[in-house]
Amino acid sequence: MESLPMQGVIDDKLANALALAVARHPRANLQQLAALAGISKATLYRIAPTREAVVALLATRASDHMRSALEKARLDEAPFAAALQRLTEGVMQGKELYLFWSASLWSDLHDAKNDEVTGYTPSFYSAALEAYFLNGQKVGVFRVDMSAKWLAKAYDFLLYAAAESAQKGEIATVGIPAMVDQLFLSGASTADAPRMG
């Protein structure tokens, strides 16, 4: 007899498929999300009986992923470039969850009828990035003519562009962390900090 998924229990492959489905189709209903994820509505219903429950489940998963990526990055440890590389690698290991996370910061995914885009919403992740860039500015690693908040957004948007492009097949997944970090750091570092110490 086939074992059925328990409510709220979801494996990584299905979580990634659902996260991508919601990120790309934020107003999709339960049946549409199931089809986009390649499963039946009945299977999805056993995991999460409503679209809102799917979004809540994914929000928890994405939040856990982002907290884990931040923890592993150790952004308070020098050298700054190595910390950023660890963060980029960690986030990209769950790029589908990151795309969902980003979509949830721009609009209310819990309400399928609300099309309003709220803009970039601050979070524990953006706060950690801002603190990282501010600390780097204090020791002369990052430019001070741009605010730490702007540097955090610029890095995050570049990371989002890379994750989205990889999902669409526009760029290869291999080497994304190095590409993102090199492109970002070349524009964010001061002229007298060539090695990102």
Q | Same cluster (ILVMFWY, side-chain, under 4.5 Å), Tyr155 and Met146 | A | yes
**Q.** Inter- and intrachain pairs under salt bridge (charged side-chain N to carboxylate O under 4.0 Å, His left out), touching residues 17-26, at least two apart
**A.** none
Q) What about the rings of Phe133 and Phe80, do their centers lie closer together than 6.0 Å? A) no
Q) Which distance, rounded to the nearest 0.5 Å, do you find between the OG of Ser102 and the CZ of Phe157? A) 8.5 Å
Q) Hey, are the side chains of Leu18 and Leu44 touching, using non-hydrogen atoms and a 4.5 Å cut-off? A) yes
Q: Can you sort out the partners of Asp76 under side-chain hydrogen bond (donor to acceptor under 3.5 Å, both in side chains), two or more places apart, ordered by chain and number?
A: none
Q: Kindly state each residue pair satisfying side chain to side chain donor-acceptor pair (under 3.5 Å) with at least one member in residues 29-38, sequence neighbours excluded.
A: none
Q: Nearest 0.5 Å please: distance from the CD1 atom of Ile39 over to the CG atom of Leu33.
A: 9.0 Å
**Q.** Closest non-hydrogen atom pair, Ala148 against Leu134
**A.** CB-N, 3.7 Å
(Q) Is there a path of hydrophobic side-chain contacts, each under 4.5 Å between heavy atoms of I/L/V/M/F/W/Y residues, joining Tyr132 to Leu158? (A) yes
Q | Single-linkage hydrophobic cluster, 4.5 Å side-chain cutoff, Tyr45 and Ile47 together | A | yes
Q: Name all pairs fulfilling the salt bridge (charged side-chain N to carboxylate O under 4.0 Å, His left out) condition that reach into residues 168-178, sequence neighbours left out, sorted by first residue then second.
A: Glu164-Lys168
Q: Mind checking salt bridge (charged side-chain N to carboxylate O under 4.0 Å, His left out) for Asp145 and listing every partner two or more places apart, or none if nothing turns up?
A: Arg143
Acceptor/donor pairs from residues 172-184 side chains to any protein atom, 3.5 angstrom cut, sequence neighbours excluded:
unit_1	atom_1	unit_2	atom_2	d
Asp181	OD1	Thr88	OG1	2.6
Asp181	OD2	Gln85	N	3.4

Q: State plainly whether one hydrophobic cluster holds both Leu75 and Leu185, where clusters connect Ile, Leu, Val, Met, Phe, Trp and Tyr through side-chain heavy atoms under 4.5 angstrom apart.
A: yes
Q. Which pair of heavy atoms, one from Arg51 and one from Ala28, lies closest together, and at what distance?
A. NE-O, 2.9 Å
Q.
Quick check: do Trp101 and Leu105 have side-chain heavy atoms less than 4.5 Å from each other?
A. yes
(Q) According to salt bridge (charged side-chain N to carboxylate O under 4.0 Å, His left out), does anything in residues 94-104 pair up with another residue at least two apart or in another chain? List the pairs. (A) none
Q: Flag the pair Thr50 / Leu30 as yes when at least one side-chain heavy-atom distance between them is below 4.5 Å, and no otherwise.
A: no
Could you pull out every donor-acceptor pair under 3.5 Å between side chains of residues 61-72 and any protein atom, sequence neighbours left out?
unit_1	atom_1	unit_2	atom_2	d
Arg61	NH1	Ile10	O	2.9
Arg61	NH2	Asp12	OD1	2.5
His65	NE2	Val91	O	3.0

Q: First locate atom CZ of Phe142, then atom CG of Leu84, and finally report the distance between them rounded to the nearest 0.5 Å.
A: 6.5 Å
Donor-acceptor pairs under 3.5 Å, side chain of residues 124-131 to any protein atom, not counting sequence neighbours: which ones?
unit_1	atom_1	unit_2	atom_2	d
Tyr125	OH	Asp156	OD1	3.3
Ser126	OG	Ser123	N	2.8
Ser126	OG	Ser123	O	3.0
Glu130	OE2	Lys149	NZ	3.4

Q) Below 4.5 Å, heavy atoms only, C-beta onward: do Leu99 and Tyr160 meet side chain to side chain? A) yes
